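Working notes, beginning with the structure itself.
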Amino acid sequence: MLDIQLLRKDAALVAERLAARGFVFNTAYFEELEGARKVFQTRTQDAQSRRNTLSKQIGMLKGKGEDTTAVMAEVAGLGDELKDLETRLAELQTELNKFLMDIPNLPHESVADGKDETANVEVSRWSTPRAFDFPVRDHVDLGEGLGQLDFAAAVKITGSRFSVMKGPLARLHRALAQFMLDVHTAEHGYTEVYVPYLVNADSMRGTGQLPKFEEDLFHVPRHAGEECTDADTLYLIPTAEVPVTNLLRDEIVAADALPLKFVAHTPCFRSEAGSYGRDTRGMIRQHQFDKVELVQMVRPEDSYAALESLTAHAETILQKLGLPYRKMALCSGDMGFSSAKTYDLEVWLPAQNTYREISSCSNFEAFQARRMQARFKAGQSKPELLHTLNGSGLAVGRTLVAILENYQNADGSVTVPEELRPWMGGAEKLTKLTPV
RNA sequence: GGAGAGGUGGCAGAGUGGUCGAAUGUACCUGACUCGAAAUCAGGCGUAGGUGCAAGCCUACCGUGGGUUCGAAUCCCACCCUCUCCGCCA
């Protein structure tokens, strides 16, 4: 959510900056709503004030045993008027809030203007893709060839966009998550957290998934067969960002506790509505995938330095695994709803002959913190909104894909990256599993 | 799932219809005393919003949402959550 003070002060500027990300901010409508809100709030509070004064008089008179009929008569007419005013004011505030909740964050001044991903800016590249002297296979052929990846089984059990892994490949998947967690906790100073995979609507609103992106989420009604309201619907998390960032919702932390740095490994669930036909083959786009997520809560003046270091933490994983990648600064039109600035890390996938997103690192500034009232306080000063950031460190499924494809051998086996071997019981290679 | 208890300020804990935004204790901040500290004493100390140049004034908030009333932390209804015991269970 944007700062309403900023909207009041300079709606034109906000509209201009939002236009850079393709969002049309209806200035006239906002000003109309806000004008009405002001009038009704003043009137309502005025009426409340009158009622309170008179009611207190009644109390005092009764206390002294005096007659109250005159005052009672005076206050009698106020009730209906007040009720109408309060109702109208509540409606206006609901409407205003709805309006505000649908406005995306303002892009940071360093973000390039652009309509879509074609305007993203390459910041850096690490390593060079390996040259193969045999035809490269994609991860599906490799995994199935090894007898360790089974999409048919997943379709039978659940449906499309799920996967089943077996044996060493399943272990590789687990090893990757463990490896990432260990690096981030031991080398980058993150605190590991375990969090719920189902969250309530307030949490989804806090990080910005709701109200706008409801169809991207999996809903879990608490009670079968009944119409579920907001209060008794839970949602499967699309990323650990949601439960982890919401740890700070409605909290005021001491300034000297900052920065807070959390890392969590969770499954992520996305309905992928609207992406039918995209990446239908393989593990690139799944309804369920694992991710190790980095989250930071920092003082406002530190958030851009934090974005750089958080992104570097994610890059460390790719480097340790020897996976070539490039770092992209997203343009205004390609950033997520809540982000002020985002770097994507894209890993090289030989079978696609291209770089594909494997991590997205964003600074949300106070956008999420304002929605969830996550604040910090230095000494006796006023509580202040903190800045939140997060990034994938990394998406486990896509990392697995990248390893399969980049480390494949001519015979269909896959070499285990050296850094990962301690988490693989020392195994150096994935080789064909005899079918069961 | 059954039975019971309870949700009040950072924490603890009073308050069962009327100057209650809320006693008291504690924590914290400022000052006095002290060489300094402790102890003691005095004062301060919630959040959000509106309005005003400002001092200030006003409004809302006692789990959430409704209701009763001139007036609700207090009464009524519904819901949520926590705790204890029993049952079941990874």
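Protein chains get the first letters and strands the later ones, always in sequence-line order, with residue 1 at the start of each. Since this is a predicted model, take the numbers as computed values, not measurements.
Taking only side-chain nitrogens and oxygens, A:R8 comes nearer than 4.0 Å to OP1 or OP2 of B:G50. In this model, the phosphate group of B:C58 is not approached by any side-chain N or O of A:N52 to a distance below 4.0 Å at OP1 or OP2. For A:T42 and B:G50, the shortest distance from a side-chain N or O to OP1 or OP2 is not below 4.0 Å. Regarding contacts with the backbone of B:U51, a side-chain N or O of A:K38 is found under 4.0 angstrom from either OP1 or OP2. Taking only side-chain nitrogens and oxygens, A:R375 comes nearer than 4.0 Å to OP1 or OP2 of B:A48.
Salt-bridge check for A:E91 with A:R88: passed, with a basic side-chain N closer than 4.0 Å to an acidic carboxylate O.
Taking 3.5 Å as the limit, the base of B:G49 and the side chain of A:Q45 contain a donor-acceptor pair of atoms between them.
B:A23 and B:G10 are spaced 13 Å apart, taking the P atom of each and rounding to whole Å. Nucleotides B:A22 and B:C45, compared at atom P, are 11 Å apart to the nearest Å. Comparing B:C81 with B:G63, their C1' atoms sit 7 Å apart, to the nearest whole Å. The C1' atoms of B:C33 and B:G43 are separated by 15 Å, rounded to the nearest whole Å. Only the P atoms considered, B:A78 is 39 Å distant from B:G25, to the nearest whole Å. Nucleotides B:U24 and B:G9 have their C1' atoms positioned 13 Å apart, rounded to a whole Å. B:G66 and B:A42 have their P atoms separated by 44 Å, given to the nearest Å. Nucleotides B:A14 and B:C70 are separated by 28 Å at their C1' atoms, to the nearest Å.
Residue A:F40 contributes atom CZ, which lies 15 Å from atom P of B:U51 at whole-angstrom precision.
Using a 4.0 Å heavy-atom distance criterion, A:L54 is classed as making no nucleic acid contact. A:R37 comes within 4.0 angstrom of the backbone, heavy atoms only, and of no base.
Comparing A:T44 and A:Q93 by the nucleotide of RNA chain B that holds the closest heavy atom to each, the one mapping nearer the 5' end is A:Q93.
Between B:U19, B:G50, B:U59, one nucleotide has an atom nearer to the side chain of A:K56 than all others, and that is B:U19.
Here the straight-line distance linking atom CG of A:L85 with atom CD of A:Q41 works out to 12.0 Å at 0.5 Å rounding.
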